[in-house]
Amino acid sequence: MSTQMLLLILLCSIGNVPTASSERQLLAGYWGQNSAGPKMGPVNYEKKLKEVCQTTKYDILNVAFLYNVFDSRNKDSLPALDLAHHCTKEISEEYKFLLQCPEIEEGIKECQKLGKKVLISIGGPTGDGTLRSPPKAREFAQTLYDLFLGGNRLIGLRPFGSADMDGVNLDIQGGRPDHYPDFIRKLRRLMDASKKSYLITASPQCPYPDNFLRNALKKAWKYVDYVFVQFYNNDCHIGNLPKFREALDKWLSFAQANVRPLIFVGLPAHESASADPKYYTPPSELQVTYEKLKTRTSIGGIMLWDVSWDQNNIIDGRRYSDHVFALLNGTSILRPTTKPSPGQD
């Protein structure tokens, strides 16, 4: 038997060898809140979604926010949207807080033509993500699918018209965290019945496990594709390397034990984009840190908060996100090959 054949047999017999996929690591960002606007002024307001996709390197854009999952101010308690200056037109007197946004519909379609994914983000720092019961959780999943994804039961009420978004981002930071596993399972069943491939993602705080998404990730991890961990506004921020590494290890261990999802390192895109400038990492420092961790198994890329701050952070003639993308470009994703233990859900 040849040496090459022996080596191949040996490699195949090892159960925990990570494999490099053909995917490169990805850049995700948040768009829709214009959070830099109050400080930077109207001239520097967040650009339209269409222009953002045409001029930046983002692979995934989370449209923020659907901030109230059941809003009694809308007929039938349909959800409420807040999209800053991007869209303020109410659908009707009965649905004042659902909004009608043809410009964003156009932007979503342009982003998708360019190969980018556009997700609806639920929650946010002032949102209410309360799902009062398992039936209500499943009802919200159906409503979300009909309003933003491939559903057709609420055609006249879809905020982004005929645009079929690419999935959902859970940025739950307020309300009660109960029943999200029921929501995720129902949503995934609806998604899987479609011919289109959708994403379910989550954006927890960096302390593991996250207070609001703890049960969602513990009990429904196998339906979640990406976890955009917010490594800022906490002591496990990337500038505090011992705490950062400790938290990152826990998130990666969670992902590797389940062979899913991929973990993204979430960062502020400007020194004013978070609660304190200390949470911001300049490109030169980020390169030193990320070079040491980007080849670890289950790292999926970097997430930035947010596009408005990014466009106002020009370094050596390039946006902050351009520097981040240069760091990611060409770096493959390593996935674990072990399987989760039987009975996990």
Side-chain angles (χ1 to χ4, degrees), residues 16 18-30 58-62 117-123 129 141 144 149 165-173 177 180-192 196-231 236 247-267 290 293-305 328 331-341 343-345:
N16 195 29
T19 57
S21 75
S22 59
E23 303 170 86
R24 65 164 173 80
Q25 292 185 12
L26 303 176
L27 177 62
Y30 277 84
Y58 290 101
D59 299 292
I60 301 169
L61 285 162
N62 300 303
K117 303 291 187 182
V118 189
L119 316 181
I120 183 68
S121 184
I122 302 164
L144 201 70
L149 306 178
M165 300 183 81
D166 299 292
V168 172
N169 169 249
L170 300 176
D171 188 7
I172 310 303
Q173 300 183 46
Y180 271 89
D182 300 277
F183 163 78
I184 292 172
R185 292 187 193 104
K186 172 67 174 180
L187 184 62
R188 181 55 76 186
R189 284 195 294 271
L190 292 168
M191 290 174 166
D192 288 348
K196 179 172 177 173
S197 177
Y198 293 100
L199 297 172
I200 297 178
T201 69
S203 298
Q205 305 294 310
C206 59
Y208 180 87
D210 178 78
N211 286 334
F212 285 98
L213 291 167
R214 177 192 308 251
N215 285 335
L217 294 174
K218 180 180 179 181
K219 297 181 179 180
W221 56 263
K222 63 185 176 183
Y223 306 112
V224 178
D225 300 285
Y226 303 141
V227 176
F228 307 132
V229 184
Q230 299 178 43
F231 285 101
C236 40
L248 179 64
D249 285 346
K250 290 179 180 178
W251 283 107
L252 291 178
S253 294
F254 154 75
Q256 291 161 16
N258 299 318
V259 200
R260 189 185 180 107
L262 293 174
I263 303 299
F264 284 58
V265 176
L267 304 170
Y290 200 75
L293 64 88
K294 68 181 185 179
T295 55
R296 295 188 62 180
T297 305
S298 296
I299 289 283
I302 290 176
M303 175 274 284
L304 298 179
W305 175 269
L328 296 175
T331 305
S332 294
I333 295 170
L334 296 175
R335 297 179 184 270
T337 58
T338 53
K339 296 182 179 181
S341 300
Q344 284 184 288
D345 191 13

Find the distance between CE (Met303) and CG (Leu267) and round it off to the nearest 0.5 Å.
8.0 Å
How long is the gap from CE on Met165 to CG on Leu144, to the nearest 0.5 Å?
9.0 Å
Quick check: closest heavy atoms across Arg185 and Tyr223, and the distance to 0.1 Å?
CG-CE1, 3.5 Å
Closest heavy-atom contact between Val265 and Leu293?
CG2-CD1, 4.4 Å
Check this for me: does any side-chain nitrogen of one of Asp225 and Arg188 sit under 4.0 Å from a carboxylate oxygen of the other?
yes
Mind checking whether Phe183 and Ile200 have side chains closer than 4.5 Å, heavy atoms only?
no
Working to the nearest 0.5 angstrom, can you tell me the gap between Asp249 CG and Gln256 CD?
9.0 Å
Between Tyr226 and Phe228, how do the two ring planes meet: parallel, tilted or perpendicular, split at 30° and 60°?
tilted
Which heavy atom in Leu26 sits nearest to a heavy atom in Leu328, and how many Å separate them?
O-CD1, 3.3 Å
Considering all heavy atoms, the nearest Ile172-Gly123 contact:
CD1-CA, 4.4 Å
Using atom types as modelled and distance alone, determine if a side-chain donor or acceptor of Tyr198 lies under 3.5 Å from a backbone N or O of Leu187.
no
Does a side chain donor of either Asp210 or Gln230 reach within less than 3.5 Å of an acceptor in the other side chain?
no
So, for Pro181 and Lys219, which heavy atoms are closest and what is the spacing to 0.1 Å?
CG-CB, 3.9 Å
Might you work through the side chain to side chain contact (heavy atoms under 4.5 Å, CB included) test for Gln205 and Asn211, ending with a clear yes or no?
CA-CA 8 Å; Gln205 305 294 310; Asn211 286 334; over 6 Å; no
Could you give the distance from OG (Ser298) to CD1 (Ile333), rounded to the nearest 0.5 Å?
9.5 Å
Heavy atoms of Gly167 and Met191 approach each other most closely as CA-CE, 4.2 Å
Can you tell me if Tyr30 and Ser203 form a side-chain donor-acceptor pair at under 3.5 Å?
yes
Point-to-point distance, once rounded to the nearest 0.5 Å, from CG of Asp171 to CG of Leu119:
12.0 Å
Would you call Leu217 and Tyr208 a side-chain contact if the rule is heavy atoms closer than 4.5 Å?
no
Could you measure the distance from the CG atom of Asp166 to the OG1 atom of Thr201? Nearest 0.5 Å is fine.
11.0 Å
Would you please test Trp221 and Val227 for side chain to side chain contact (heavy atoms under 4.5 Å, CB included) and show each step?
CA-CA 10 Å; Trp221 56 263; Val227 176; over 6 Å; no
Could you go through Thr297 and Leu252, starting from their C-alpha distance and side-chain angles, then the distance that decides it, and tell me whether this counts as side chain to side chain contact (heavy atoms under 4.5 Å, CB included)?
CA-CA 8 Å; Thr297 305; Leu252 291 178; over 6 Å; no
